[in-house]
Every structure is written in C-alpha cells, then in structure tokens.
Amino acid sequence: MKFGILVNEGPFTHQASDSAYRFAEAALAKGHEVWRVFFYHDGVNNSNKLSEPQSDDRNLVKLWSELGREHDLDLVVCVAAALRRGIKDELLAAGFRISGLGQLVEAGIQADRLVVFGD
Amino acid sequence: MKFGILVNEGPFTHQASDSAYRFAEAALAKGHEVWRVFFYHDGVNNSNKLSEPQSDDRNLVKLWSELGREHDLDLVVCVAAALRRGIKDELLAAGFRISGLGQLVEAGIQADRLVVFGD
Amino acid sequence: MSDEMGYEGEVVKRFMYVNRKAPYGTIYALENLETVLIAAAFDQDVSVVFVDDGVYQLKKGQDTKEIGMKNFSPTFRALDDYDVEKLYVEKESLEARGLTAEELVVPVEVVSTEDLREIMAQQDVVLSC
Amino acid sequence: MSDEMGYEGEVVKRFMYVNRKAPYGTIYALENLETVLIAAAFDQDVSVVFVDDGVYQLKKGQDTKEIGMKNFSPTFRALDDYDVEKLYVEKESLEARGLTAEELVVPVEVVSTEDLREIMAQQDVVLSC
Amino acid sequence: MLHTVNKSPFERNTLRSCLRLAQKGSAVLLMEDGVYAALSGTAVSDEIADRMDDLSFYVLGPDIAARGLSESPLIGGVQVVDYGGFVDLVVEHEASNAWL
Amino acid sequence: MLHTVNKSPFERNTLRSCLRLAQKGSAVLLMEDGVYAALSGTAVSDEIADRMDDLSFYVLGPDIAARGLSESPLIGGVQVVDYGGFVDLVVEHEASNAWL
C-alpha cells in the first residue's frame, strides 16, 4: 500500500516527528511504500542540517535523511512555511527538497492513505 | 522598573513572540527598562535571520533586532535549546547573542519582574 | 471507497479540512487556509469544516491592527471564487460559544453533530488541525 | 517582598518552577528540568511544583526505548544533590489520575490545593510550563 | 500576584488550573486565545463570573479586537486594558505567573 | 475510519471532540500524550468506557511504556498495539483522521 505522511511539528518540541518517523519505519518494514513525506507548519524545521542534539539524544534530521536515502523517500518541505521560518536551500539536510503545498494535495490524491502527525 | 522577558515559542506558530514584542515596546514607551530578553525552547527560532515572511506580514526577527538596536537590548538565545534546533552563530540576526541558561536565572534575579510568553 | 472518475478520467477524492483552532493564537488556521486554496486547484471534492474553536475563525469584525498580524478572515470570502462551496459549521460548537451564523463572515451550512459525523465518515482524506 | 540577603550579601529570591505538562509528548518537561538544574547553582530559594499532567513526569517505570527518546526521569533523583529539596505535588492532580506518592520516582511533599495556593503566592519568580 | 492566561477555555484546562490555584485578591489577565473566557453568554462564562468576588479580571483589548469581539458583551466586571495597561498590571503586582 | 488522538484528556478537549464526531463502528488509536485516556481508575476513564460498545479502542504500547504505565491497568477492551499494529490499523481503515 502507498502511504503519504504529513509532519506538522519540528523536531524535539513535540513528539510528532518521532512518531511519524517510527510509523514510516514500521510501514517500510512491512513492505509498504512511503510515497512522500511532507513537512508543513513547524515541520519544516526537521530539515535543518545545523541541528545538533546532545550526544545521548536522537538526531531527527539525520534519522529522516538516512531513512530517505535507504528507501529513496521523497522528503518535501513546504516552501511557504519554510520561508517564514527561515528554512532555505542552504540549510537543507541531504534528501530534503523544498516545494509547494500542491505536493501535499498530490500526496493526498496519489497515496492510498494520508497519515498526519502534529500538535 | 527593570523587566526580564522570556519568550518560549518561535515566530508565527504561536502568538507568544508577538505578544512579548508588543509588551516590550509598551514597557519601553512607559520609560521602563527591558533588562534582558531570553529566548528559550522554540523561542530560539526568533533569531534566525533567514526568516522571510510574506511582504504583507510582520517580520518578527527583524522587529526584535530593530527594537534591540534602538534600545540597546540584551537579546539572549539559549545555547542548549538552540543547538538542538539548529540555530547557530551563522544564523543569528543582528543584536542576538547565544549564551547559557544561567542568563535566564540571572534575569529572574536581577530584574524586578520576569514576564513569560509561551504556548 | 468513494473514489470516482472526474471528467478527465482523473481520480476524484473527497478531501475534508477540519478547523478546530481559534485564529491568531496559533498559525494553524492561517496555514490551513493556504492549503485549502491550493487544494481547490486540483479539482477534488473539497469541504471545509469548522468545529470547536475553529468557528471563531469565521467571526465577523476581526481587526488585527493592534496585534500587528494580518487579518486573514476576508480570505474565507474568496473560497467561493475557488469553487470551494461546502462550508460546514457544527451547531453545537456555535451554541457553546454564544454565536449565530449571522455573525460569520461567509454563508455556511450549520449542521448537527449527527449530520457532521455522517459527512466526515464519507471522506477519503481528512486534514484536521 | 520576600527578597532577603543571602550569606554573601546577595539577594535571594524565591523561584518556583511549575510543571503542568506530561513528559515526552512535548519537550517542556525536559527543558524545564534543565533550567531547574542550572538555577540550583545560583543559591536561590528554589521550589519545584508538579500539578495537572506535570505529575506524570515523576511516574516510576518509564521506559522510552521504543519511542527512541531519552528517559530523563532519573534526573529528578539528582535534584537532591543540587540542594533542590522542595518538591511539591498537588494532591488533587494525583488523585484525578489515580496515582499515589508511592508511584513517583522521588519523595515529594503532597500538598492540598489550599496549601499550594499559599506557597505559590509567596514566590518572587514563577516559571510555569 | 498577576496571573496571565493565554489559552482558550474551551480547548484547554489552563484557565481552570489558574482559577484553582490563584489566591484570593490576585489579578488574572486574559490574553491571546484566553480572551474567549471573558465573553458572557458562552458555555464557560460561569467559570469567571463565579470568581468575580475573589479575583480581579482583565482582558487584553488588542486580542479582543483581533478576534472580532469588540462588540461582544463581556462578563460584568472584566476590565479591558491595552499593552500599556498590561505593563502597569505587571508593575502593580510583585510577581507574575504565566499559565501556559 | 481510524481516528488518532495524541493529546492528554486532562489537558485538552481533543478526545472529547473525537468521541463526539466519530461514527459508530470507527476505531480510535490513543498515542503520545493521548495514552493517558486509556487508563482505568482516572477522573476521565468513563469517557472511553462509555463508548466501548460503539467504537474500537487501541493504544500505542511504546507510548504507554515510555510514560511508565506498562503495569497500570487499562480500561477493559482497549487493545495495545505497536508501531506495526498502528500501520495495520491505517491499512484496515479507508481513511484516517488525526485529532490534533
């Protein structure tokens, strides 16, 4: 089955990004496809490669990047939400791309299920 | 009177930064001193100079920078919260500095009043 | 389930945007509205629901000058131009807040909790906030 | 008001940290704890209060392995080493959640709403979250 | 003490916790989404009306106006202040407590 | 439809709204801070217990364990799932609705 995933909050402040990551991992482990992960609202902050958590904490930006590389995921950061919050191309971690909100609607249309994680 | 102000949320997502800004402006207009503004939790995102809101929207990063310049404010971004969230020196808008949480406690001790804005 | 073929043979899905938050205290109301406007361009079956504090988004007379934020409530009036015509407001949410449909910036369909439950259950994609 | 002189002639203020949020769902519990640990170094009169969902921060037996986050509840046991000894838990908050003081990771003083109201009113600086 | 409440009383327990723990004689300022608690004729109006003898209630006018509530009747006794009035309230009370 | 609730029932109205608008026969998954609603013996346990005939309730085990609730009794009928079980629930229901 094809999943679309929407992440509405940044790393750390809310559990949303953690939950979405674990959901994506579990879906892939079961042989499903993650068709696109869309980062909206503060979710755009998940793509900031400067994020440097303490050494005994998880690094969500890196986790998403790596999951993206391993499974060739489409990690899309909303341009309007990103500009407001100061997330630009020069900050993007590997595997993320910035694009329009239409990509979220498209995920809703193309994926069999859209699953939302937020505050 | 000497005020300390604590801002716990980033720009846009919650009204906290807007309210804190208007409070600071009003306090200064009444002749009070704003001894320090401390940015904690997602509040560290108020210092990101790449923030580029739509042209008809307010630019909170710039507003804080300008208020800081006009009134020589001490705008302190918490280092631990900032590192996690990928806010580093190269992103800091004019007038902000990164320092430790002790600066918040110090604001609580030195200021006559500490006023908190958050989610 | 309710997937149908559109006039160009494309899949048409039922998209529902559920607004549960008040405006200005958080950005969700504004950024969700941005999504609805984009969604309208995709020729899907779009409905927008206002429940709980979401009904406050539609309150007439908003004046944001003193808080320095943009008043986005007039944009709801533009939804009609985008062919987004299904706007539902839950009666119970309105009443709990002492509001009437006359106090809202756009004409809406005021529905009972039971009716809304029914409409919601028929959707393919639900985006709540 | 309650400003006193410390032994080195410094002002000692009453700082109260009020925890109202559950752990893990948001970062506030963890980042507030970081503040309390720093505050302890400043020789102020520090108290930490747990009310509403904040009491869940102290629940014994937390195991965060499967959610991939760090279990910070053992850190509450370190507060004593930092001379942070005034930990108050509101009785009503505990009871509403079916919890008892025995289920918490540290010894606390369980106080009534009336007592807590009194203690809170005497503070110079209150940081709630 | 000055208590500030910035959350909708319909959405969260914040106002209720504040009212439970605010000592008699304190002031409560409703701001941001907290201003909805100041309206009369809603399902939660009694929460504040019932404490009118114990506590002083204020509401931030700019947040009332932003939400289209300038013409809406407030609970009797709630006083409207602007940001300058907010500053004065902080000055008048020895400490402030933000219920977030 | 699968409804997900990630907020504490003590702090917010999210669960209550979900239960009001979830149609008979739907599934509700409690996750993140929403797992507190699955506990028996709390002031809000009845909200779910009262709907046990209409709706199927699930709770995310990893979130239960993280919060130290593995030994705490759950409301009878609530089923514990892991992330894989969450994925299965999404697959089994035609649409999902996250109450945020």
Side-chain angles (χ1 to χ4, degrees), chain A residues 1-10 13-17 19-20 23 27 32-47 76-87 97-119, chain C residues 1-49 52-54 68-70 72 75 79 82-84 120 122-129:
Chain A
M1 193 167 256
K2 279 197 293 189
F3 286 106
I5 293 176
L6 172 60
V7 181
N8 286 341
E9 298 297 330
T13 304
H14 298 88
Q15 203 184 337
S17 177
S19 297
F23 179 88
H32 296 295
E33 181 188 347
V34 173
W35 192 76
R36 177 170 291 157
V37 186
F38 193 85
F39 297 88
Y40 196 35
H41 305 300
D42 272 0
V44 300
N45 293 321
N46 285 290
S47 68
V76 183
V77 174
C78 172
V79 61
L83 273 177
R84 252 180 213 125
R85 292 167 179 84
I87 299 293
R97 65 185 179 94
I98 292 181
S99 188
L101 259 176
Q103 304 266 314
L104 167 59
V105 182
E106 202 194 9
I109 296 170
Q110 298 298 332
D112 299 304
R113 301 285 186 273
L114 184 68
V115 190
V116 184
F117 296 86
D119 173 42
Chain C
M1 181 178 63
S2 70
D3 294 7
E4 312 159 16
M5 288 304 181
Y7 52 90
E8 285 174 89
E10 295 283 326
V11 172
V12 173
K13 284 190 173 180
R14 293 185 186 156
F15 275 72
M16 174 178 273
Y17 295 86
V18 183
N19 292 292
R20 296 185 51 244
K21 303 207 168 154
Y24 308 116
T26 58
I27 203 172
Y28 301 105
L30 167 63
E31 290 193 330
N32 279 355
L33 182 55
E34 291 180 352
T35 314
V36 173
L37 294 174
I38 299 285
F42 280 75
D43 285 328
Q44 304 294 305
D45 178 354
V46 173
S47 56
V48 187
V49 171
D52 296 329
D53 283 345
M69 293 165 73
K70 189 174 136 184
F72 61 91
T75 311
L79 286 176
Y82 286 79
D83 292 322
V84 176
M120 194 175 270
Q122 289 160 13
Q123 304 300 315
D124 298 305
V125 180
V126 183
L127 287 155
S128 283
C129 221

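For the numbers below, each heavy atom of this structure counts, side chains included, while hydrogens, waters and symmetry mates do not. Everything quoted here is computed from the prediction, not taken from an experiment. The sequence lines fix the lettering, A, B, ..., with proteins before strands; numbering per chain opens at 1.
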Does any non-hydrogen side-chain atom of Arg85(A) lie less than 4.5 Å from one of Ile27(C)? yes
Please classify the contact of Ile109(A) with chain C as side chain, backbone, both or neither, using a heavy-atom distance under 4.5 Å. both
Output the residues of residues 28-37 of chain C for which the shortest heavy-atom distance to chain A is under 4.5 Å, in residue-number order; output 'none' if no such residue exists. Tyr28(C), Leu30(C), Glu31(C), Asn32(C), Glu34(C), Thr35(C)
Could you list the residues that satisfy side chain to side chain donor-acceptor pair (under 3.5 Å) with Gln103(A), not counting sequence neighbours? Arg36(A), Arg97(A)
Shortest non-hydrogen separation from Leu114(A) to Leu127(C) and the atoms involved: CD2-CD2, 3.8 Å
As an exercise, state the distance from CG of Leu104(A) to CD1 of Ile38(C), rounded to the nearest 0.5 Å. 10.0 Å
How close do Val105(A) and Phe15(C) get, heavy atom to heavy atom, and via which atoms? O-CZ, 3.7 Å
Answer with side chain, backbone, both or neither: which region of Ala81(A) has an atom nearer than 4.5 Å to a non-hydrogen atom of chain C? both
Hey, which of Glu106(A), Arg113(A), His41(A) has the most heavy atom pairs under 4.5 Å with chain C? His41(A)
